[in-house]
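Beneath this line is the structure, given in structure tokens, with notes to follow.
Note on naming: letters A, B, ... go to the chains in the order of the sequence lines (proteins, then strands), and numbering restarts at 1 for each one.
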There are 2 protein chains.
Amino acid sequence: MEDVGTSKGGFYHHFKTKDELLYVIHDTFISYALEKAAKANDMHESPTKKLQAIIHDFVKVFDIYKPHISVFYQENIYLNEKYEVLIKKKRDQFKNIIMKALYEGKEQGEFRSDLQVDITGMAILGMVNWTYKWYHQGGFRTIDDISNIFVDLILHAVLESETITSGKYKELLMK
Amino acid sequence: MEDVGTSKGGFYHHFKTKDELLYVIHDTFISYALEKAAKANDMHESPTKKLQAIIHDFVKVFDIYKPHISVFYQENIYLNEKYEVLIKKKRDQFKNIIMKALYEGKEQGEFRSDLQVDITGMAILGMVNWTYKWYHQGGFRTIDDISNIFVDLILHAVLESETITSGKYKELLMK
DNA sequence: CAAAACAGACCAACTAGTCGGTCTAATAGG
DNA sequence: CCTATTAGACCGACTAGTTGGTCTGTTTTG
């Protein structure tokens with residue numbers, strides 16, 4: 001059995017199946033991420049600040065829960081349907097928070113009017129989710145470095161050029 | 001055995017081990033991607049055009065080789081070291097082409113002078129690589145839609161604002 | 001007909017999961 | 001207050017099924 005810090009018997013006393021463990025592992029970090037994103041949503045008025053806060057917290061999740069996230073992405077393909085739907089639900093909620101923020105920013109004119117919300121959202125999810133493949137604690141870049149750079153890149157990509165030049169959000173952008 | 005379209009004997013006649021199959025699968029699409037990226041590198045002078053061409057071809061790989069890519073990412077964690085180094089080598093080559101293009105763009109002044117090449121490169125790799133998780137042929141967005149939007153987002157993120165407003169690359173940007 | 005391509009019986013190692021049991025610690029009864 | 005009862009945590013031998021891989025033999029092809 002995988003290096004679970006207990007015996008077979010002990011393990012199956014706590015979990016019905018291996019899938020249940022995997023579900024719990026996923027739920028641990030997705031619940032955290034979801035809660036943070038929801039808070040960021042409520043705390044900020046402007047879509048720009050909202051998006052910044054969401055990204056920031058999202059990136060941080062990979063610092064806190066990297067082991068959880070790694071085993072989840074390794075094993076989730078073999079997961080049975082029952083748990084798959086439960087997991088998909090929370091992941092969709094998270095995705096929707098991002099999509100909504102992008103949509104609001106576009107509506108309110110802070111973001112570019114030609115922004116393709118769906119693909120942009122997937123691009124953001126991709127660039128952040130992929131960090132689990134390369135980020136490791138104690139490397140050259142701290143997690144805050146990374147999140148600042150990601151925010152800068154994303155905001156440059158989505159902000160209306162006037163919003164950038166206005167200097168309104170200059171503390172969120174580099175340079 | 002997995003749903004290989006042949007018998008055990010047939011399979012092991014063509015491959016020494018299962019790992020070798022996985023290596024060949026990976027090599028198929030990474031070699032294609034590498035070749036395309038190298039060509040894009042040679043064909044274009046400006047870093048902007050270069051980056052655009054690289055991204056475009058890179059995204060296309062996911063349309064052509066999605067099955068290959070999916071099984072590779074599912075199984076590669078269990079791969080033994082021998083093949084792992086071979087695979088890493090080609091992946092690093094590909095990564096370096098992207099990093100070099102970013103670096104050149106920065107040096108030549110087309111890209112922002114405050115660009116963090118390493119993290120930006122990883123962000124690009126992430127947003128494109130992640131497409132294998134959600135893209136499927138026949139969906140609402142064609143692969144060319146996606147690659148155009150990705151290029152637009154990335155260029156807005158990396159280009160010096162004067163390079164954008166100059167209109168020099170307006171055919172690569174949306175709107 | 002020789003070599004390559006293939007089939008499938010077979011094997012050893014491993015997997016998820018079960019089951020009977022022990023150990024510990026809390027609670028109840030006398 | 002001490003002993004009996006009991007519940008939950010935990011163990012590890014065992015089982016049924018799967019996996020990667022081998023081997024012997026048969027078919028196909030040049």
If I take atom OH in residue A/Tyr78 and atom P in nucleotide D/dT18, what distance separates them, rounded to the nearest angstrom? 15 Å
Could you tell me which non-hydrogen atom of A/Ile54 sits nearest to which non-hydrogen atom of A/Ala101, and how far apart they are? CD1-CB, 4.2 Å
Whole angstrom value for the distance that separates C1' of C/dC14 from NZ of A/Lys18: 12 Å
Distance, rounded to the nearest Å, where A/Asn80 contributes CG and C/dA16 contributes P: 14 Å
Stepwise salt bridge (Lys or Arg N to Asp or Glu O under 4.0 Å) test for A/Glu45 and A/Lys50: CA-CA 7 Å; A/Glu45 258 306 302; A/Lys50 209 177 255 194; over 6 Å; no
Are any of the side-chain nitrogens in A/Asp152 or B/Arg112 under 4.0 Å away from the carboxylate oxygens of its partner? yes
Electrostatic pair A/Lys60:A/Asp144 at N-O distance under 4.0 angstrom: yes
Mind checking whether B/Phe62 and B/Phe58 have parallel, tilted or perpendicular rings, split at 30° and 60°? tilted
Atom OH of B/Tyr12 and atom P of D/dT19 are separated, to the nearest Å, by 12 Å
B/Lys100 atom NZ, neighbour heavy-atom count above 12 within 6.0 Å: no
Roughly, in whole Å, what's the span from CD in B/Glu20 to P in D/dG20? 15 Å
More than 12 heavy atoms of other groups within 6.0 Å of A/Lys36 NZ: no
At under 4.0 Å between heavy atoms, how does the protein contact nucleotides 25-30 of chain D? Give one character per nucleotide, 5' to 3', with B, S or -. ------
Please verify the inter-ring angle class for B/Tyr23 with B/Tyr83; under 30° counts as parallel, over 60° as perpendicular, anything in between as tilted. tilted
How would nucleotides 6-12 of chain D be written as a contact map, 5' to 3', with B for base contact, S for sugar-phosphate-only contact and - for no contact, using protein heavy atoms under 4.0 Å? --SBBBB
